[in-house]
Amino acid sequence: MHDSELHNLYLGIVIFLVVATIIGAILKWRVKSDKGQATVANMNDRIKAWWVMVIVFATANIAGLTATVALFTALSFLALKEFVNLTPEREGDQSSRTVAFFILVPLQYFLIWIDWYGMFALLIPVYAFLFIPTLNAYHGNAESFLERTAKLQWGLMVSVYCLSHAPALLTLKIPGYEGENAKLLLYLVLVVQISDVLQYVWGKTTGKRKIAPNISPNKTVEGFVGGVASATLVGALLWWATPFNLFQAWLMALLIALAGFAGGLTMSAIKRDRGVKDFGTLIEGHGGVLDRIDSICFSAPLFFHVVRYFFVP
């Protein structure tokens, strides 16, 4: 960790988690009611999961491009699996799903690893978009054809294409910021996750008016405004770890927080449609992988392309 700014960012995260762990232990000892104990137990499960996620992400982030690409390849694979598991498989679907998992997922990240931007940007939204329905049609099963094809394409777009823009940040050649892109990826993840957490906190403490009660009953106007405003402020205060000035960091953080909220709301609508609470159960206290990265899936491509357009010659 030769980069002192990256070291300071992770040190701050560790201190925060240590404090949260101590508070959780104190609350577990002091809270006596059944409802209170259940809430504290859920909070402590989330804190434990955060420790694991931070350690795994930090290891890959610090190790560099290859390790980070490998981590996000695994995340996309698991997220796509959770997504397609919500849809029944019909005769003829196996071939397209095999192509999606074992060709398109690794190929998308390989293109990032070799820094082939032109093909990375087109593989899934153009070539996969045309190939998947053609393969499904070849197998001759027209029953629910449009629905089956669209679901797999949607899964690929969200779980693979959108998410892959996060590690792609490491390939951007920003003048005066060479070799420091790991902080840019950490900045994205920090602002997204802080926004999610603070929207929850503001919603629980001050929330009264529901934003979309039929989609996500826990999301409130007060939680949205308070969480986005707070996360934007945090993002602005972290300008020193980015290639942005203070005002640019504020705008970037606002973009990330708004896109993250859109991602969480949209993925909640999909879960409502499929009649499930979570996409999976892999992460204790957090549901599945897709439950944890839904905000990143929406914010990563917007953040990547804005940075690339305005800061890369």
Side-chain angles (χ1 to χ4, degrees), residues 1-11 13-14 52-80 101-125 127-128 156-193 235 238 240-244 249 252 256 259 289 292-293 295-313:
M1 294 189 61
H2 61 280
D3 190 327
S4 61
E5 292 177 346
L6 187 62
H7 174 271
N8 290 336
L9 285 171
Y10 277 114
L11 180 61
I13 294 171
V14 169
V52 174
M53 290 188 289
V54 166
I55 291 171
V56 171
F57 178 79
T59 301
N61 189 221
I62 294 167
L65 177 63
T66 300
T68 303
V69 166
L71 171 62
F72 277 88
T73 301
L75 290 175
S76 279
F77 188 93
L78 293 171
L80 182 60
F101 280 101
F102 299 106
I103 296 180
L104 294 175
V105 172
L107 182 55
Q108 176 73 7
Y109 284 95
F110 175 74
L111 294 171
I112 293 172
W113 186 65
I114 64 174
D115 195 14
W116 188 356
Y117 171 76
M119 186 57 70
F120 146 71
L122 297 176
L123 176 66
I124 291 176
Y127 298 108
L156 280 169
M157 282 297 295
V158 174
S159 305
V160 185
Y161 181 73
C162 288
L163 184 62
S164 68
H165 285 78
L169 289 166
L170 300 183
T171 67
L172 294 177
K173 297 173 178 60
I174 304 171
Y177 201 68
E178 294 83 358
E180 301 183 56
N181 290 39
K183 291 182 294 192
L184 199 60
L185 174 57
L186 180 57
Y187 177 81
L188 166 68
V189 174
L190 272 178
V191 174
V192 166
Q193 300 301 332
L238 292 175
W240 49 268
T242 73
F244 320 131
M252 289 293 190
I256 291 170
V289 171
R292 190 65 270 144
I293 64 173
S295 299
I296 298 176
C297 290
F298 273 55
S299 57
L302 290 176
F303 182 59
F304 173 88
H305 287 290
V306 169
V307 173
R308 187 176 184 273
Y309 183 82
F310 287 105
F311 293 89
V312 177

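- With rounding to the nearest 0.5 angstrom, the CD atom of Gln193 is 10.0 Å from the CD1 atom of Ile293.
- Taking the six-membered ring where the residue is Trp, Phe304 and Tyr117 present parallel rings, their angle staying beneath 30° rather than reaching 60°.
- Residues satisfying the ring-ring contact (aromatic ring centres under 6.0 Å, His included) criterion with Phe102, sequence neighbours excluded, are Phe77.
- Surrounding CH2 of Trp116 are at most 12 heavy atoms belonging to other residues, nucleotides or ligands under 6.0 Å away.
- Residues meeting the side-chain contact (heavy atoms from CB on, under 4.5 Å) test with Leu107, sequence neighbours left out: Phe110, Leu111, Leu123.
- Partners of Ser159 under the side-chain hydrogen bond (donor to acceptor under 3.5 Å, both in side chains) rule, at least two apart in sequence or in another chain, do not exist in this structure.
- Taking the side chain as every heavy atom from C-beta outward, Val306 and Tyr309 never approach each other to under 4.5 Å.
- Ile13 is listed as a side-chain neighbour of Leu190, based on a closest heavy-atom distance under 4.5 Å.
- What you find for Phe120 and Ala168 is that their closest heavy atoms are CZ-CB, 3.9 Å.
- Leu163 places a side-chain heavy atom less than 4.5 Å from the side chain of Tyr109.
- Side chains of Leu169 and Asn181 form no contact here, defined as non-hydrogen atoms less than 4.5 Å apart.
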Stepwise side-chain contact (heavy atoms from CB on, under 4.5 Å) check, Met252 with Val307: CA-CA 9 Å; Met252 289 293 190; Val307 173; 3.9 Å; yes
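- No side-chain heavy atom of Ser164 sits under 4.5 Å from any side-chain heavy atom of Ser76.
- When all heavy atoms of Cys297 and Pro301 are compared, the pair lying nearest together is O-CD, 3.2 Å.
- By the ring-ring contact (aromatic ring centres under 6.0 Å, His included) test, Tyr161 is found to be paired with His165, residues two or more places apart in sequence or in another chain being considered.
- Contact check for Leu172 versus Tyr177: no side-chain heavy atoms found under the 4.5 Å cut-off.
- A salt bridge (charged side-chain N to carboxylate O under 4.0 Å, His left out) check over residues 167-179, counting only residues at least two apart or in different chains, returns the pairs Asp115-Lys173.
- Counting only heavy atoms from C-beta outward, the side chains of Phe303 and Leu184 approach each other to under 4.5 Å.
- Side-chain atoms of Leu75 and Arg292, non-hydrogen and from C-beta on, never get closer than 4.5 Å to each other.
- When every heavy atom of Ala300 is checked against every heavy atom of Cys162, the shortest pair comes out as CB-O, 3.7 Å.
- Scanning for side-chain contact (heavy atoms from CB on, under 4.5 Å) contacts around Leu78 gives Leu282, Val289, with sequence neighbours left out.
- What you find for Ala241 and Leu9 is that their closest heavy atoms are CB-CD1, 3.8 Å.
- With sequence neighbours excluded, no residue forms a side-chain hydrogen bond (donor to acceptor under 3.5 Å, both in side chains) with Thr242.
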Counting only pairs under 3.5 Å, give me each side-chain donor-acceptor contact of residues 53-73, with atom names and distances, residues two or more places apart or in other chains.
| unit_1 | atom_1 | unit_2 | atom_2 | d |
| --- | --- | --- | --- | --- |
| Thr59 | OG1 | Ile55 | O | 2.7 |
| Asn61 | OD1 | Tyr10 | OH | 2.7 |
| Asn61 | ND2 | Ala182 | O | 3.3 |
| Thr66 | OG1 | Trp113 | NE1 | 2.9 |
| Thr68 | OG1 | Ala60 | O | 2.9 |
| Thr68 | OG1 | Gly64 | O | 2.8 |
| Thr73 | OG1 | Val69 | O | 2.6 |

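- Every residue two or more places apart in sequence or in another chain that forms a side-chain contact (heavy atoms from CB on, under 4.5 Å) with Leu11 is listed here: His7, Ile15.
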